[in-house]
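Values in this document were obtained by computation on a predicted structure and should not be read as measured data. We count residues from 1, following the sequence as given.
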Amino acid sequence: MFLKKRHSDSEIVTLQKKRGFLGNMRVFGSYYVMLIPGILFFLIFCYGPMYGMIIAFQDYYPLKGISGSAFVGLKHFKALFTNPFFLPVLRNTLVISLYKLLICFPGPIILCLALNEITRPGFKKVVQSISYLPHFISWVVVSGIIIEFLSPSRGPINILLKNLGLEPIFFIADPKYFRGVLVLSDLWKSVGWGSIVYLAAVTNVDPALYEAAEMDGAGRVQKILHITLPAIVPIITVMFIMESGKILNDSFQQVYNFLTPTTYGVGDVISTFVYRMGIQNMQYSFTTAVDLFKNTISFALVMLTNWIARKTSDYVLW
C-alpha cells in the first residue's frame, strides 16, 4: 500500500508565493468567498465604530455631533487618572481578571483531558452536552439561578450550613465571597464551551502514538503528559496570548447582575464604571477615554505575551 506524501508547511508557503495572489484566488477562490461575511462583520461592527474614538479628545455633545464638538486634547485622560474612583475600579478589574485567568483558563484544558479519557461514546456525549449547556444561558438567567442557589434562607448550601449548626452566609452580598462567586460562576458557564477547541486539537493526534505508548507500558497519566498534552500546547499558547488581552475586558453582564451596594468596593469594575459615567451621567467623552485607555493596554498585553511566547517557544500568533 502506497501513501501519498503530503507537502510540509514550508513547501505550501513556497507554492503559494510562486502562484501569487491571483493564482491563489483561482485555486482557493471558494474559500476566500466564505471569508467575505466574516470580514464584513468585523469591518462594519468592529472597525467602523472606531471612528467614534475621536470623541475621547473632544467635549462631545450629541446635538452638535462629532464634527461640531470642540477639541480639548487630553483633558478627559487627565480627568481619568485624577478621578478618585478609577484606581479602585482598575484594581478590582485586574484582581478579578487574574483570578479568572488562573482558575478559568486551565478549566477547559483539564475538562478536555478528562473527556479524552472517556471510552464510552454515549456517556462522553452526555457529559459534553451537559458541560456545553451553560454557555447558551444568558447571564440574567444564570445570575438568578446562582443567587437563588446561594440564598441565605432558601439556598441548599445555607440549608446544609444550618443543619450543621453554622450561621448562614449571604455569599452575594458579602465582599469576602463576592469575587469567588464571580470566578466560579464564570468557570461553570464557560468550561464546556472552552474545551471544544482543545478537543478539536486532540482529534488530530495519531492513535498509533497511544498504541505504541501502551506497548511500552505507559499508563494513562503518562500518555496524557507525553502525548495528549504536548499535542495541544500550540493551542494553549495561542489561547493564552488571546486571553492575556482580555485582562481589562471584564464581563459587564455578569458583574452587573451580581453587583450589590455592599460589594461595590470589591466588585465595581471598568465596565460598570463606564456604564454609570457614560449612560447614567452622560459623560460620553470621558467614558470613551476610559475605553481607549483599556483597549490600548489590552493591545500592549497581547503584543507583550506574543513576544514572550516567541522567545520561549515556537508557537505564536504572528
_Ring centers of Phe178, Phe171 separated by less than 6.0 Å_ = no
*Less than 4.5 Å apart, any side-chain heavy atom of Ile236 and any of Tyr198?*
yes
*Can you get from Phe71 to Leu74 by hopping between Ile, Leu, Val, Met, Phe, Trp and Tyr side chains that sit under 4.5 Å apart?*
yes
*Starting at CD1 of Ile118, measure out to CD of Gln128 and round the result to the nearest 0.5 Å.*
7.5 Å
_4.5 Å side-chain heavy-atom contact, Val191 and Cys104_ = no
*Hey, does Thr305 have a side-chain heavy atom less than 4.5 Å from the side chain of Met242?*
no
_Regarding Gln254 and Ser185, do their side chains bring together a donor and an acceptor under 3.5 Å, going by distance alone?_
yes
_Are Ile96 and Val269 packed together at the side-chain level, in the sense that at least one heavy-atom pair is separated by less than 4.5 angstrom?_
yes
_Contacts of type ring pair (Phe, Tyr, Trp, His ring centres under 6.0 Å), residue Tyr210, not counting sequence neighbours_ = none
_Any Asn92 side-chain heavy atom under 4.5 Å of Arg179 side chain_ = yes
*Is it possible for you to say whether Phe136 and Leu111 belong to one hydrophobic cluster, with membership spreading through side-chain heavy-atom contacts below 4.5 Å?*
yes
*Do any N or O atoms from the side chain of Ser97 and from the backbone of Ile247 form a donor-acceptor pair under 3.5 angstrom?*
yes
*Check whether any side-chain N or O of Asp216 sits under 3.5 Å from a backbone N or O of Ala218 as a donor-acceptor pair, and report yes or no.*
no
*side-chain contact (heavy atoms from CB on, under 4.5 Å) between Ser143 and Gln253, worked out*: CA-CA 9 Å; Ser143 63; Gln253 295 183 34; over 6 Å; no
*Trace of the side-chain contact (heavy atoms from CB on, under 4.5 Å) decision for Ile196 with Tyr132*: CA-CA 9 Å; Ile196 292 176; Tyr132 296 164; 3.6 Å; yes
*asked:* We want to know whether Ser285 and Thr288 form a side-chain donor-acceptor pair, criterion being a heavy-atom distance below 3.5 angstrom.
replied: no
_Minimum heavy-atom distance between Ile54 and Ile66, given as atom pair plus value_ = CG2-CG2, 3.4 Å
*asked:* With heavy-atom distances below 4.5 Å as the criterion, would you say the side chains of Ile232 and Leu229 are in contact?
replied: yes
*Rounded distance [0.5 Å steps], OG1 in Thr203 versus CG in Asn116*: 9.5 Å
_Spacing of CZ belonging to Phe273 relative to CZ belonging to Phe85, to within rounding of 0.5 Å_ = 8.0 Å
_In this structure, would Met277 and Leu90 fall into the same cluster of hydrophobic residues linked by side-chain contacts under 4.5 Å?_
yes
*Just wondering, do Lys246 and Leu101 contact through their side chains at under 4.5 Å, heavy atoms?*
no
*CZ of Arg220: more than 12 outside heavy atoms within 6.0 angstrom?*
no
_Just verifying a value: how many Å separate Met239 CE and Ser244 OG, rounded to the nearest 0.5 Å?_
11.0 Å
_Does Lys125, at its NZ atom, have more than 12 non-hydrogen atoms belonging to other residues, nucleotides or ligands within less than 6.0 Å?_
no
*Of all heavy-atom pairs between Phe170 and Pro152, which one has the smallest distance, and what is that distance?*
CD2-CD, 3.8 Å
_Intermediate values then yes/no, salt bridge (charged side-chain N to carboxylate O under 4.0 Å, His left out), Asp59 and Lys75_ = CA-CA 9 Å; Asp59 273 334; Lys75 170 186 173 182; 3.2 Å; yes
*Would you please indicate if the ring centroids of Tyr256 and Trp139 are separated by under 6.0 Å?*
no
*Ala56 and His76: which non-hydrogen atoms are nearest, and at how many Å?*
O-CD2, 3.5 Å
*Which atom names give the shortest non-hydrogen contact between Ile224 and Pro230, and what distance separates them?*
O-CD, 4.0 Å
*Decide if the gap between the ring center of Phe105 and the ring center of Phe240 is smaller than 6.0 angstrom.*
yes
*Taking a hydrophobic cluster as the set of Ile, Leu, Val, Met, Phe, Trp and Tyr residues connected by side-chain heavy atoms closer than 4.5 Å, whether directly or through intermediates, do Leu150 and Val141 fall within one such cluster?*
yes
*Atom OG1 of Thr228 and atom CD1 of Ile109: how far apart are they, to the nearest 0.5 Å?*
13.0 Å
*asked:* So that I know where these two stand, are Phe252 and Tyr275 an aromatic pair - ring centroids less than 6.0 Å apart?
replied: yes
*Do Glu167 and Leu161 pass the side-chain contact (heavy atoms from CB on, under 4.5 Å) test, and can you show the C-alpha distance, the side-chain angles, and the key distance before you say yes or no?*
CA-CA 7 Å; Glu167 291 293 326; Leu161 291 177; over 6 Å; no
*asked:* For Thr262 versus Ala173, what's the shortest heavy-atom pair and its separation?
replied: OG1-O, 2.8 Å
*Intermediate values then yes/no, salt bridge (charged side-chain N to carboxylate O under 4.0 Å, His left out), Glu214 and Lys223*: CA-CA 8 Å; Glu214 286 182 2; Lys223 286 189 288 184; 3.0 Å; yes
*Yes or no on salt bridge (charged side-chain N to carboxylate O under 4.0 Å, His left out) for Asp186 and Lys189, after CA distance, side-chain angles and deciding distance?*
CA-CA 5 Å; Asp186 186 68; Lys189 193 174 188 297; over 6 Å; no
*For the student: nearest non-hydrogen atoms of Thr287 and Gly278, plus distance*: CG2-N, 3.2 Å
*Atom NZ of Lys124: over 12 foreign heavy atoms under 6.0 Å*: yes
*Give me the one residue out of Ile297, Thr296, Val290, Asp291 that meets side-chain contact (heavy atoms from CB on, under 4.5 Å) with Phe293.*
Ile297
*asked:* Just so I know, are the side chains of Asn295 and Asn249 near enough to count as touching, which here means a heavy-atom distance under 4.5 Å?
replied: yes
*Go through the steps to decide whether Phe286 and Asn281 satisfy the test side-chain contact (heavy atoms from CB on, under 4.5 Å), and finish with yes or no.*
CA-CA 10 Å; Phe286 177 79; Asn281 297 342; over 6 Å; no
_Could you check, using the six-membered ring where one of them is a Trp, whether Tyr284 and Tyr61 have ring centers closer than 6.0 angstrom?_
no
*Quick check: are there more than 12 heavy atoms from other residues, nucleotides or ligands sitting under 6.0 Å from OH of Tyr99?*
no
*Could you give the distance from CG (Asn204) to CG (Leu199), rounded to the nearest 0.5 Å?*
11.5 Å
